[in-house]
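A short write-up of the structure that comes next.
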Amino acid sequence: MALPRRYKARDSEPRWQRYWEEEGIYRFDPDSGKPLYTIDTPPPTVSGAIHMGHVFSYVQAEAVARYHRMLGQEVFYPFCFDDNGLPSERFTEKQKKVRAQDMPRSEFVKLCLEVTKGAEEQFRDLWTRFGFSCDWTLLYTTIDPWVQRIAQRSFLRLREDGRIYHREAPTLWCPECQTAVAQAETEDSEKPSRFHDLSFPLADGDGALTIATTRPELLPACVSIFVHPDDPRHASLVGRKAVVPLFGHQVEIRADRKVAMDKGSGIVMCCTFGDTTDIEWWREYGLDLRIALDRRGHMNELAGPYQGMYVKKARREMVEDLRDKGFLQGSEDIEHTVNAHERCGTPLEYLVNRQWFIRVLDIRDQLLARCDEVSWHPDYFAVRFRHWVENLKWDWCISRQRFYGVPFPVWFCEGCGEPVTAAEEDLPVDPTETGPGRPCPECGGEEFRPEADVMDTWMTSSLTPLINAKWGEEDQREGLIPMSMRPQAHDIIRTWAFYTVVKSHLHTDSVPWEHLMVSGHALNPSREKMSKSKGNVAGDPLLALQQYSADELRYWACSSRLGNDVLFSPEVLGDGRRLVTKLFNATRFASSRLEGYDPAAEVELRPFDRWILSRLTRVIERASEGMEDYEYSTCVRECEDFFWHDLCDNYLEIAKGRLYGDDEEARRPAQHALYRALYGSLRLFAPVLVHVTEELYQAIFRDYEGHRSVHLAPWPADDYADGWALDHGQRALEIVEEARRYKSENKLGMGTPLAGLRVTAPSDLLEALREFEPDLLAVTRAESIAWAEGGELATEVEGPAEG
RNA sequence: GGGCGAAUAGCUCAGCUGGCCAGAGCGCCUGCCUUACAAGCAGGAAGUCGGGGGUUCAAGUCCCUCUUCGCCCACCA
């Protein structure tokens with residue numbers, strides 16, 4: 001196949017993408033007998049928020065997949081989508097302009113399916129255009145019935161093991177989404193607020209105390225007051241009672257070390273619940289439970305005249321009334337951070353609800369041990385996992401009061417209230433549509449109320465290794481657990497990585513994977529964490545693909561060390577374009593000089609041939625070391641440096657004399673070295689520059705090598721190592737440099753013939769360098785070289801040749 | 001408040017287990033249309049390796065400390 005004069009990525013890339021698809025180049029073959037390399041692909045949410053930051057992280061893992069494929073491993077590389085859960089609900093609500101609450105669950109679920117399926121098609125197209133080598137026949141989505149079955153199976157088995165409990169407990173609650181949320185789903189949100197100094201009369205009539213609060217609307221929920229035991233100002237208060245303003249109930253004043261003496265007045269009210277300290281006190285001192293908020297964030301009957309008001313309104317009204325009645329001593333505007341739901345930004349409340357939990361606090365040590373069993377890349381991210389586990393405060397709340405998700409396989413007996421679970425063989429079940437099919441084991445009752453909650457999405461995504469292995473299914477895949485590698489970004493270590501370790505530990509008594517590859521974030525040109533935005537190249541991968549080729553974008557994604565953030569900027573992207581062009585041009589040139597090349601022929605390599613091949617070996621070693629350590633960027637950098645400078649700038653220029661010459665004896669070893677060096681480079685670049693390397697491979701190398709694709713060719717493992725040539729070739733290049741410097745300083749073209757060179761060197765070196773003479777003459781265009789023994793290596797140029 | 005990372009040429013970054021005069025790309029300067037490539041080639045200028053201590057024959061490279069930035073967590077009465 002002849003190469004065109006110019007490389008047109010726009011035409012070539014789709015052509016090879018089709019070829020790979022048609023030929024099944026990336027198809028997983030469970031029966032190949034090759035060692036497995038299995039990848040636990042992150043299921044992106046289908047909520048439409050794909051930006052170059054995602055591409056960045058996926059490409060890095062993808063390059064690693066290709067490396068292992070070239071190593072001769074059978075690569076299990078599925079794709080998947082996370083299409084259930086809150087993000088999809090909100091996405092559907094937005095797309096269809098509906099509200100889930102306003103329709104039957106089944107109807108809403110149908111809408112969600114419709115919307116997510118459409119989005120998935122677009123996603124598959126997008127990933128294909130980036131040259132992804134996943135096997136699409138392995139696709140799963142988290143809403144697939146068999147995947148739901150695995151999630152429900154996980155629930156049933158954990159419940160059998162006594163790991164799961166259902167309990168009324170204070171829970172982080174989002175009044176907007178009207179669901180419980182997990183500790184990990186929260187984020188800080190800066191909100192302007194007001195600090196109010198409130199006066200609480202003492203019950204014995206002996207004066208009053210002052211409490212500073214930002215949440216006066218929680219007064220009806222006040223159950224105690226605390227001061228610090230060492231605070232001399234308030235020592236006399238302990239044990240007495242105070243009257244809650246506006247509401248009149250009396251609460252006891254207690255001393256506890258958790259009180260900060262220097263905040264506000266040093267006196268704090270404890271409400272059920274304002275924050276986690278309230279919960280701790282409530283538990284520790286067995287305080288009353290006074291819930292003043294309902295699930296929608298409105299005040300309930302406990303708030304008396306304020307009942308039905310939304311938190312903010314109640315706050316305003318109460319402050320007015322407090323002022324009118326003389327309880328308000330002062331107010332101060334402040335800026336403070338509140339705990340908000342990361343999905344919608346609404347400040348969270350603590351409510352008491354019946355929720356399902358997985359007990360994890362008691363196995364923290366075991367989870368830490370699992371953490372150590374995993375190879376973290378880069379290793380310092382293990383510390384984040386460790387600290388998260390060490391500082392866990394809550395068991396994992398897995399129930400959500402939402403609609404689109406995996407239902408709990410649970411009913412409650414109307415007779416005794418006990419939960420009744422489905423039989424495993426009946427999974428997946430939706431309890432709102434069927435019954436348990438058996439009477440209540442506790443009381444024999446036959447009337448049931450379905451559990452209407454759905455599972456937290458992490459309940460499913462934490463199972464991705466088990467889903468890949470089809471855990472508990474009839475067609476279970478053997479040998480997949482633990483998987484080889486999980487790629488993910490560092491922001492979800494505390495969620496996805498953590499929950500997955502929990503599940504694998506409990507279900508398979510092992511780690512989920514051997515290696516965890518943690519990527520950084522892509523930053524937009526103003527150095528902010530990238531986010532989806534239309535009309536912006538960084539925020540819109542489709543737009544990026546119009547402006548840059550997939551190979552250029554992949555090169556960018558692989559340009560930084562694993563785990564580092566990287567800037568998405570035009571300058572950096574230009575580097576990839578240059579390299580692709582250079583690779584194409586150099587290979588096209590080589591192909592024109594390879595006529596008559598016979599890979600099987602015996603050749604006697606010249607010193608510079610031995611030099612370039614020894615350099616290649618060195619580069620392969622370093623590049624491979626990098627890839628073994630998940631450092632694709634080391635591989636690219638080493639290879640680029642070799643290809644551009646050693647191979648193109650030096651070797652090619654040196655070998656041209658022989659490649660164009662009539663002397664076949666001299667030409668053949670040059671062809672041999674050129675072919676090997678180029679084919680080696682091509683394969684080192686293949687995991688990243690997937691399209692251009694395929695184009696060049698198919699045009700030049702396939703006839704010789706026979707593999708259907710460069711991506712099925714073996715990873716280079718050249719062992720040509722000639723220390724003599726490596727060292728002396730480098731010294732010989734110093735002579736070339738001197739000649740070039742002379743021409744440059746004298747404003748001469750590089751093609752200018754030189755009258756002669758005078759090279760001085762110690763005798764050993766001199767003797768060695770003389771072996772390079774024919775090539776040195778050719779590349780410097782010198783008519784002759786005069787060799788002289790001397791001290792340091794030095795080269796003098798006699799001047800341009802006459803005429 | 002705690003943790004993790006980063007601080008190296010104007011810009012973006014590489015420098016692994018400490019060792020010849022600190023590197024690359026972009027940008028800049030001077031040249032060159034040399035039989036693959038001007039999206040190129042040759043040559044060049046440019047850095048107190050954040051500050052301060054210490055270990056060592058020897059430190060961007062190890063230890064301590066300080067400063068600045070980023071991320072994560074906690075607090076947020």
Side-chain angles (χ1 to χ4, degrees), chain A residues 3 5-7 183-184 186-188 190-191 193 195-196 198 211-215 218 222 225-226 258-260 263-271 274-278 334-339 378 380-384 386-388 390-391 393 490-491 493-494 520-521 523 527-529 559-561 563-567 569-572 574-575 577-593 622 625-626 629 631 633-634 637-638 640-641 644-645 648-649 652-653 656-657 659-660 736-737 739-753 779 781:
Chain A
L3 288 167
R5 189 162 161 66
R6 286 188 168 231
Y7 177 63
Q183 187 183 349
T186 67
E187 65 180 11
D188 284 352
E190 283 282 333
K191 302 265 176 185
S193 182
F195 230 153
H196 302 284
L198 304 184
I211 291 177
T213 180
T214 54
R215 303 215 47 192
L218 287 179
C222 180
I225 287 172
F226 284 89
K258 283 200 265 299
V259 176
K263 274 198 183 165
S265 59
I267 310 176
V268 56
M269 65 174 183
C270 170
C271 307
D275 60 35
T276 50
T277 312
D278 288 345
I334 54 160
E335 190 70 26
H336 78 159
T337 44
V338 297
N339 223 3
Y380 56 80
F381 279 118
V383 179
R384 270 207 204 173
R386 177 164 282 282
H387 289 168
W388 175 252
E390 285 168 352
N391 294 314
K393 283 213 169 81
H490 59 66
D491 55 345
I493 288 174
R494 65 191 171 126
H521 288 296
L523 306 176
R527 281 211 168 271
E528 290 151 340
K529 190 166 145 185
S559 63
S560 77
R561 283 184 61 105
N564 281 9
D565 294 344
V566 76
L567 220 57
S569 71
E571 296 91 64
V572 188
D575 294 345
R577 175 163 304 191
R578 280 162 21 93
L579 180 58
V580 168
T581 304
K582 186 80 175 176
L583 195 56
F584 184 85
N585 286 333
T587 309
R588 187 167 57 83
F589 163 68
S591 73
S592 73
R593 295 287 107 204
R622 289 190 186 148
E625 267 173 39
D629 211 23
E631 283 296 359
S633 72
T634 305
R637 208 179 29 254
E638 286 287 336
E640 181 173 351
D641 188 47
W644 204 297
H645 297 117
C648 290
D649 291 346
L652 229 40
E653 293 303 324
K656 264 181 192 170
L659 290 168
Y660 279 104
V736 179
E737 266 173 46
R740 285 171 171 166
R741 185 173 294 115
Y742 175 87
K743 290 179 186 178
S744 203
E745 281 170 359
N746 292 285
K747 305 184 196 262
L748 300 170
M750 287 299 130
T752 313
V779 71
R781 307 279 167 109

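Note: hydrogens, waters and symmetry copies are ignored here, and every other heavy atom, side chains too, is used. Below, read A as the first sequence line, B as the second, and so on, with proteins coming before strands; counting in each chain starts at 1.
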*asked:* Between B/G50 and B/G10, how far apart are the two P atoms, rounded to whole Å?
replied: 13 Å
*Find the distance A/Arg386:CZ to B/G2:P and express it as a whole number of Å.*
20 Å
_Which residues pass the ring pair (Phe, Tyr, Trp, His ring centres under 6.0 Å) test with A/Tyr7, not counting sequence neighbours?_
A/Phe584
*Identify the heavy atoms of A/Val572 and A/Leu567 that sit nearest to each other, and give their distance.*
CG2-O, 4.4 Å
*If the sugar-phosphate is the primed atoms plus P, OP1 and OP2 and the base is the rest, what is the B/S/- string for nucleotides 37-46 of chain B, using protein heavy atoms under 4.0 Å?*
B-BSSBSS--
_Which residues share a salt bridge (Lys or Arg N to Asp or Glu O under 4.0 Å) with A/Arg741, sequence neighbours left out_ = A/Glu738
*Could you tell me the separation between the CG atom of A/Asp629 and the P atom of B/A14, rounded to a whole number of Å?*
15 Å
*asked:* With rounding to the closest Å, how many angstrom separate the C1' atoms on B/A42 and B/G54?
replied: 46 Å
*Listed partners of A/Phe226 passing ring pair (Phe, Tyr, Trp, His ring centres under 6.0 Å), at least two apart*: A/Trp281, A/Tyr285
*With syn defined as a glycosidic angle within 90° of 0 and anti as everything else, classify B/G54.*
anti
*What residues form a salt bridge (Lys or Arg N to Asp or Glu O under 4.0 Å) with A/Lys656, not counting sequence neighbours?*
A/Glu653
*Kindly write out the residues that satisfy salt bridge (Lys or Arg N to Asp or Glu O under 4.0 Å) with A/Arg577, not counting sequence neighbours, or none if the list is empty.*
A/Glu552
*Using whole Å, report how far CZ of A/Phe381 lies from P of B/G3.*
17 Å
*Could you state the atom-to-atom distance from NE2 of A/His490 to C1' of B/C73 in whole Å?*
14 Å
*asked:* If we ignore hydrogens and angles and just use 3.5 Å, is the side chain of A/Lys743 paired with the main-chain N or O of A/Thr752 as donor and acceptor?
replied: yes
*OG of A/Ser744 to CE of A/Met750: how many Å apart, nearest 0.5 Å?*
5.0 Å
*Given B/C76, B/A14, B/C72, which nucleotide is nearest the side-chain atoms of A/Asp275?*
B/C76
*Given that A/Ile267 and A/Leu567 both sit by RNA chain B, which one's nearest nucleotide is further toward the 5' end?*
A/Leu567
*asked:* Measuring only the P atom in each nucleotide, how far is B/A46 from B/G23? A whole number of Å is fine.
replied: 13 Å
*Using the P atom on both, measure B/C41 against B/C33 and round to a whole Å.*
16 Å
*RNA chain B: stems of at least 3 consecutive Watson-Crick or G-U pairs, cut-off 3.5 Å?*
B:1-7 with B:67-73, B:10-13 with B:23-26, B:28-32 with B:40-44, B:50-54 with B:62-66
*Side-chain donor/acceptor of A/Asn746 to backbone N/O of A/Leu748, under 3.5 Å*: no
_Which residues pass the salt bridge (Lys or Arg N to Asp or Glu O under 4.0 Å) test with A/Arg740, not counting sequence neighbours?_
none
*If we take the C1' atom in both B/U8 and B/G60, what is their distance in whole Å?*
7 Å
_side-chain contact (heavy atoms from CB on, under 4.5 Å) partners for A/Thr213, two or more places apart_ = A/Leu198, A/Arg215, A/Pro216, A/Met269
*C1' gap between B/G18 and B/C57, integer Å*: 13 Å
*Rounded to the Å, how far apart are A/Asp491 CG and B/G70 P?*
18 Å
*Taking atom C1' in both B/G1 and B/U12, compute the distance separating them and give it to the nearest angstrom.*
34 Å
Protein N or O to nucleotides 16-22 of chain B N or O, pairs below 3.5 Å:
none

_A/Arg781 side chain, from C-beta outward: closest of B/U35, B/G15, B/C26_ = B/U35
*Please answer whether the main-chain N or O of A/His521 pairs with a side-chain N or O of A/Asp565 as donor and acceptor at a distance below 3.5 Å.*
yes
*Mind checking what makes ring pair (Phe, Tyr, Trp, His ring centres under 6.0 Å) contact with A/Phe381, not counting sequence neighbours?*
A/His490
*Assign A/Ala590 to base, sugar-phosphate, or nothing according to its heavy-atom contacts below 4.0 angstrom with the strands shown.*
nothing
*Roughly how far apart, to the nearest Å, are B/G52 and B/A7 at atom C1'?*
16 Å
*Taking OP1 and OP2 of B/A14, is either one under 4.0 Å from a side-chain nitrogen or oxygen of A/Thr634?*
no
*Using whole Å, report how far CG of A/Asp565 lies from P of B/C69.*
17 Å
*What nucleic acid atoms does A/Thr587 come within less than 4.0 Å of, heavy atoms only: base, sugar-phosphate, or nothing?*
nothing
*Please report, rounded to the nearest Å, how far the C1' atom of B/U34 is from the CG atom of A/Leu659.*
15 Å
_Nearest-Å distance for atom pair NE2/P, residues A/His521 and B/C72_ = 7 Å
*asked:* Categorize A/Val259 for me: base, sugar-phosphate, or nothing, with a 4.0 angstrom heavy-atom threshold over every strand shown.
replied: base
*With a 4.0 Å cut-off on heavy atoms, is A/Thr277 in touch with a base, just the backbone sugar-phosphate, or nothing at all?*
sugar-phosphate
*For A/Ile493, answer base if it contacts any base atom (sugar-phosphate contacts may also be present), sugar-phosphate if it contacts only those atoms, and nothing otherwise; contact means non-hydrogen atoms under 4.0 Å.*
nothing
_Within the 4.0 Å heavy-atom criterion, would you say A/Phe226 contacts the bases, only the backbone, or no part of the nucleic acid?_
nothing
*Starting at the 5' end of RNA chain B, which residue's closest nucleotide do you reach first, A/Gly749 or A/Asp641?*
A/Asp641
*Could you list all the side chain to side chain donor-acceptor pair (under 3.5 Å) pairs where at least one residue sits in residues 582-593 of chain A, not counting sequence neighbours?*
none
*For A/Ser633, answer base if it contacts any base atom (sugar-phosphate contacts may also be present), sugar-phosphate if it contacts only those atoms, and nothing otherwise; contact means non-hydrogen atoms under 4.0 Å.*
nothing
*Give the nucleotide from the list B/G15, B/C75, B/C73 with an atom nearest to the side chain of A/Arg494.*
B/C73
